[in-house]
Each structure stands twice: as C-alpha cells, then as structure tokens.
Amino acid sequence: MLAVGNPTYERQMKTNMLATSLLLSLGLSVASAGQSDPRFYGIWAGVETYEIPAHGGPYGQWGQAPVKKSAEIGIGDSGQTLAVGQGLLRGRFEISPRWGENTLDFRVRGRTFLLGQSPYLAGGRTHGRLVLSADGNTLTETAVALLPGTPSEVTCNISGTLYRQGKK
C-alpha cells in the first residue's frame with residue numbers, strides 16, 4: 001500500500017500533479033486563442049471592390065472588370081453576426097468566427113434576408129477574413145460571395161478597406 005513518506009507514492013503524486021498542470025495550462029491556452037476580440041465590434045465603413053474572376057469548366061463563368069462601391073458593415077453578438085448595411089449583398093449573416101491575432105476568419109452559417117429579398121435569388125457571402133490594423137481603426141477585408149447566375153451561381157471575390165465609425 002502506498003502512503004505519505006513512501007518515495008514511490010510521492011513520485012507518482014508529483015507526476016500526476018505535473019500532468020494535471022500541463023493539461024490545465026494547454027486547455028487555458030487553447031481557450032484564450034479562440035476568444036472573441038471586442039476590438040472588432042462596431043460599425044465599419046469604406047470601399048469594397050467586387051471582382052468576378054473568369055474560369056473554365058462545365059459551369060465556367062465570364063470574368064468581369066472590378067467594381068468599387070461604398071460599403072458599411074457591422075460586427076456584433078460577440079462576433080457571431082456580420083451585418084452588411086451598404087454594399088453588395090446586404091443582409092444580416094450568422095457567422096462561425098475563428099479568432100487569431102488581429103484577425104477574424106469567418107464562415108457564414110445562415111442569413112436573414114431584407115424585406116423584399118428572395119432567398120432564392122439573393123446569393124450571399126460564404127467566407128472571409130477581416131484583419132484589424134495595429135491602431136484598431138482600420139479593417140482590411142477579403143471575402144468570397146456567390147451571386148445568382150445561369151446555369152449556376154457565380155463566384156465573386158470581395159476586398160476592401162473599412163474604417164471604424166464612432167468611438168471605440
């Protein structure tokens with residue numbers, strides 16, 4: 001039987017404590033790496049560029065010249081919501097965020113359509129990345145969207161620079 005004062009018991013306890021400490025610290029570091037970053041929250045406005053690249057294949061698409069438009073997006077609900085108020089494909093998107101150092105990578109889980117929009121013709125953003133500047137006042141955006149098209153949806157690349165509106 002193992003007991004206090006027994007060298008084998010003490011060595012086993014030290015090993016167990018070390019293993020527990022290691023697992024706990026790894027768990028905390030993984031949890032903190034995925035925490036939402038409130039510096040992204042708020043309203044951002046600027047200019048987005050939309051480009052439809054050409055590609056071949058059975059459902060190939062014709063390329064289009066890039067188009068620039070004013071854009072306004074909002075990020076809220078602990079990074080779970082991306083709202084596009086001005087620009088291409090307006091609406092409210094439920095996203096699955098993945099946080100990094102000054103980055104928010106996202107995939108769209110669902111979308112709320114604006115009054116009068118048909119969910120069958122609206123298309124939508126599918127995924128993207130937002131990068132926050134060092135001063136926290138500029139977002140650089142790269143994203144991909146699907147637009148309605150015939151015979152199938154058309155891929156659109158979105159890039160932009162957006163600036164924080166209002167106070168942090």
Side-chain angles (χ1 to χ4, degrees), residues 26-64 66-134 136-166 168:
L26 284 174
L28 290 175
S29 66
V30 168
S32 65
Q35 294 295 321
S36 64
D37 188 341
R39 297 176 303 154
F40 282 83
Y41 306 164
I43 306 296
W44 301 84
V47 175
E48 289 180 326
T49 301
Y50 313 107
E51 183 176 9
I52 298 175
H55 67 80
Y59 296 105
Q61 66 185 33
W62 292 96
Q64 298 290 322
V67 174
K68 292 181 183 266
K69 287 182 81 173
S70 294
E72 185 175 76
I73 67 170
I75 301 168
D77 297 333
S78 298
Q80 301 289 315
T81 301
L82 174 71
V84 179
Q86 183 181 0
L88 185 66
L89 302 168
R90 295 180 329 196
R92 183 174 184 263
F93 300 86
E94 294 174 29
I95 62 173
S96 295
R98 201 171 77 228
W99 300 93
E101 187 174 331
N102 296 326
T103 61
L104 167 56
D105 292 316
F106 66 89
R107 290 215 165 271
V108 174
R109 291 189 323 242
R111 179 171 182 196
T112 303
F113 294 93
L114 299 174
L115 189 62
Q117 270 186 323
S118 166
Y120 303 105
L121 301 175
R125 294 170 195 244
T126 59
H127 64 280
R129 170 176 265 207
L130 301 170
V131 179
L132 188 64
S133 65
N137 290 315
T138 306
L139 276 182
T140 303
E141 172 191 26
T142 54
V144 175
L146 294 177
L147 306 176
T150 303
S152 66
E153 295 174 316
V154 176
T155 302
C156 176
N157 296 325
I158 301 171
S159 60
T161 302
L162 306 160
Y163 303 95
R164 183 180 299 282
Q165 303 300 294
K168 288 202 257 188

Any [X] side-chain heavy atom under 4.5 Å of [Y] side chain:
| X | Y | value |
| --- | --- | --- |
| Pro97 | Gln80 | yes |
| Leu88 | Cys156 | yes |
| Leu139 | Ile75 | yes |
| Ile158 | Glu141 | yes |
| Val108 | Thr126 | no |
| Thr155 | Val144 | yes |

When you measure from the side chain of [X] to the backbone N and O of [Y], does any donor-acceptor pair fall under 3.5 Å?
| X | Y | result |
| --- | --- | --- |
| Arg109 | Ile95 | yes |
| Gln165 | Tyr163 | yes |
| Arg129 | Leu104 | no |

Which heavy atom of [X] sits nearest to which heavy atom of [Y], and what is that distance?
| X | Y | result |
| --- | --- | --- |
| Ala145 | Leu89 | CB-CD1, 3.3 Å |
| Gln64 | Glu51 | O-CG, 4.1 Å |
| Tyr41 | Ser36 | OH-OG, 2.9 Å |
| Gly136 | Arg164 | O-NH2, 2.9 Å |
| Gly63 | Ala54 | N-CB, 3.4 Å |

Practice item. Using the test side chain to side chain contact (heavy atoms under 4.5 Å, CB included), find all partners of Thr81 that sit at least two apart in sequence or belong to another chain. Key: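 Once residues adjacent in sequence are excluded, the partners of Thr81 under the side chain to side chain contact (heavy atoms under 4.5 Å, CB included) criterion are Asp77, Arg92.
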Exercise for review: Could you walk me through whether Thr140 and Leu162 pass the side chain to side chain contact (heavy atoms under 4.5 Å, CB included) test, one step at a time?
Suggested key: CA-CA 6 Å; Thr140 303; Leu162 306 160; over 6 Å; no
Practice item. Give the intermediate values and the outcome of side chain to side chain contact (heavy atoms under 4.5 Å, CB included) for residues Thr161 and Thr138. Key: CA-CA 7 Å; Thr161 302; Thr138 306; 3.6 Å; yes
Once side chain to side chain donor-acceptor pair (under 3.5 Å) is applied, do any residues pair with [X], and if so which ones, sequence neighbours excluded?
| X | value |
| --- | --- |
| Thr103 | none |
| Glu48 | Tyr50, Arg125 |
| Asn102 | Arg39 |
| Arg98 | none |

Review point. CG of Asn157 to OG1 of Thr49: how many Å apart, nearest 0.5 Å?
Key: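 Asn157 CG to Thr49 OG1: 11.0 Å, rounded to 0.5 Å.
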Practice item. Apply side chain to side chain contact (heavy atoms under 4.5 Å, CB included) to Phe106 and Leu130, showing your working. Key: CA-CA 8 Å; Phe106 66 89; Leu130 301 170; 4.2 Å; yes
Check your understanding: Mind checking what makes ring-ring contact (aromatic ring centres under 6.0 Å, His included) contact with Phe40, not counting sequence neighbours?
Key ->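 With sequence neighbours excluded, Phe40 shows a ring-ring contact (aromatic ring centres under 6.0 Å, His included) to Trp99, given in chain and number order.
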